[in-house]
Amino acid sequence: MSRKIKLILLGAPGAGKGTQAEIISEKFGIPAISTGAIIREAIASGTDMGKSAKSYIESGALVPDSVVIGIIKDRLAESDCDAGFILDGFPRTVPQAEALDEMGVEITDVISIEVPDEKIVARMSGRRVCKKCGSTFHIEYNPSKNGDNCVCGEPLTIRSDDAPEVVLDRLRVYHDQTEPLKDFYSKKGILKTVIGQEKLEDTTALTLAALEK
Ligand code: ADP
Ligand code: ZN
């Protein structure tokens, strides 16, 4: 495929956007940009942005639009995005999507990965992350080759916002604020839907097929 891909991955928290983003990133040699990862790094390194975002993330709420729009504007201005990019976790609200339009960013594809809420709650309890290199795993669906440790050797941890009570809040936020983006992009004629599968490689096959359509 030679066309330039400017892809948005939509989906509930834990639907597998991040994993698909990494796979597509490697296959096509374009950066995967996760606003969640950028914010978590800022929290870990104690920047002003991190300090102001911390309480939102921990309660499962969205970080204010102005903050994430600023993050994306800066990131998309970097030269590696000239070849195309994948947005994982942005936009999450209609104003964020409108901001992309206002920046003149021409998205080529939007893929919504659909997973029912019941499955999301079960999946999140098995999610493990590496604080050192940022890799994510699932104890059942995508285990680390090193068991309880990351492929980089660091012990894996559970993200604080993956606690079951916070997950329910994040799902509510997803349905209220992010799901309307399906309509937004469907009207533009660029929305594709992928049903999230039990097996990671099955979801990947569907995602790649959606990009070829
Ligand atoms: P997940 O996709 O599993 O929810 P993310 O890493 O994408 O995980 O997001 C984690 C948290 O980071 C969100 O719950 C929210 O607080 C914050 N966040 C990430 N991206 C955005 C965004 N585009 N707008 C507002 N908040 C965001
Ligand atoms: Zn690691």
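Both ligands and their constituent atoms are indexed starting at 1 by order of listing.
- Short contacts between ligand 1 and R127, defined as distances under 4.0 Å to a heavy atom of the residue, involve ligand atoms 3 (O).
- The residue R123 has no part lying near ligand 1, judged by heavy-atom distances below 4.0 Å.
- Remark: minimum distance from atom 1 (P) of ligand 1 to any protein heavy atom is reached at R170 NH2, 3.2 Å.
- Ranking the protein heavy atoms by distance from atom 8 (O) of ligand 1 puts R159 NH2, 3.2 Å first.
- Interface of P13 with ligand 1, defined as ligand atoms under 4.0 Å from a residue heavy atom, comprises 1 (P), 2 (O), 3 (O), 4 (O).
- A 6.0 Å sphere centred on CD of E201 holds more than 12 heavy atoms belonging to other residues, nucleotides or ligands.
- Contacts classified as side-chain hydrogen bond (donor to acceptor under 3.5 Å, both in side chains) and involving residues 5-21 (residues at least two apart or in different chains) are given here: Q20-T204, Q20-T207.
- Some N or O of A61 is nearer than 3.5 Å to an N or O of ligand 1, by distance alone.
- For atom 24 (N) of ligand 1, the closest heavy atom belonging to the protein is Q96 NE2, 2.9 Å.
- Excluding waters, the protein N/O/S atoms found under 2.8 Å from the Zn ion (ligand 2) are C130 SG, C133 SG, C150 SG, C152 SG.
- Both the backbone and the side chain of V63 come within contact range of ligand 1, each with a heavy atom under 4.0 Å.
- Between T35 and ligand 1, at least one pair of N/O atoms sits closer than 3.5 Å.
- Around atom 6 (O) of ligand 1, the closest heavy atom drawn from K17, Q177, R40 belongs to R40.
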